[in-house]
Amino acid sequence: RLVENGFSVSSVGNSSKRPVPQTTIYLIKPNTSAEIVTALSNELNAVVEKTLPDWLKAGYNTSATATAENKPKYKPDTDILLVLGEDANQ
């Protein structure tokens with residue numbers, strides 16, 4: 001759905017924390033276009049957070065996170081990390 005609407009998706013994976021009640025957009029790079037963030041938020045009815053919560057900081061994008069741990073790491077060039085919650089429509 002996102003790609004069909006012109007968004008670029010670099011990877012897809014499962015969250016290490018489930019269930020997540022609300023779809024949330026985490027801004028990894030603070031200079032991400034406000035227009036893009038607003039469009040994505042409107043498309044998914046998602047809240048926007050400017051910082052990662054502790055449960056994401058602890059297990060993501062560290063050399064200690066092994067692939068076998070089922071904790072996907074975001075890519076270094078990621079602008080936005082989107083976590084789909086239980087409120088997300090398929």
Side-chain angles (χ1 to χ4, degrees):
R1 172 174 150 188
L2 293 176
V3 174
E4 292 170 1
N5 287 310
F7 293 99
S8 174
V9 177
S10 64
S11 63
V12 177
N14 289 322
S15 172
S16 62
K17 178 182 176 182
R18 286 188 240 156
V20 176
Q22 187 168 14
T23 299
T24 306
I25 298 166
Y26 295 101
L27 299 180
I28 305 300
K29 295 193 178 165
N31 62 344
T32 302
S33 163
E35 183 179 343
I36 291 171
V37 173
T38 299
L40 186 58
S41 177
N42 289 340
E43 177 70 26
L44 299 171
N45 194 28
V47 296
V48 178
E49 296 289 341
K50 295 183 180 181
T51 58
L52 291 174
D54 289 339
W55 65 270
L56 278 174
K57 288 180 189 175
Y60 283 71
N61 205 28
T62 67
S63 58
T65 305
T67 304
E69 291 181 88
N70 290 329
K71 292 183 178 178
K73 296 187 274 185
Y74 59 84
K75 297 180 179 182
D77 60 346
T78 297
D79 295 331
I80 296 169
L81 179 63
L82 172 64
V83 178
L84 294 176
E86 292 182 309
D87 63 337
N89 294 328
Q90 298 289 327

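Partners of Thr51 according to the side chain to side chain contact (heavy atoms under 4.5 Å, CB included) rule, which considers only residues two or more places apart in sequence or in another chain, do not exist here. With sequence neighbours left out, the side chain to side chain contact (heavy atoms under 4.5 Å, CB included) criterion links Val3 to Val9. For Thr23, the side chain to side chain contact (heavy atoms under 4.5 Å, CB included) partners are Leu44, Ala46, Leu82, Leu84, Asp87, Ala88, not counting sequence neighbours.
Using a 4.5 Å heavy-atom threshold, the side chains of Leu52 and Ile28 count as touching.
Between the CG atom in Asp79 and the CG atom in Asn31 there is a gap of 7.0 Å [rounded to 0.5 Å].
Side-chain atoms of Ser41 do not come within 3.5 Å of backbone N or O of Val37 as any donor-acceptor pair.
Closest non-hydrogen pair, Val83 versus Tyr26, comes out as CG2-CE1, 3.8 Å.
Residues Val47 and Ile36 fall into different hydrophobic clusters, defined by Ile, Leu, Val, Met, Phe, Trp and Tyr side chains chained together at heavy-atom separations under 4.5 Å.
More than 12 heavy atoms of other residues, nucleotides or ligands lie within 6.0 Å of CD in Glu86, so this atom counts as buried by the packing criterion.
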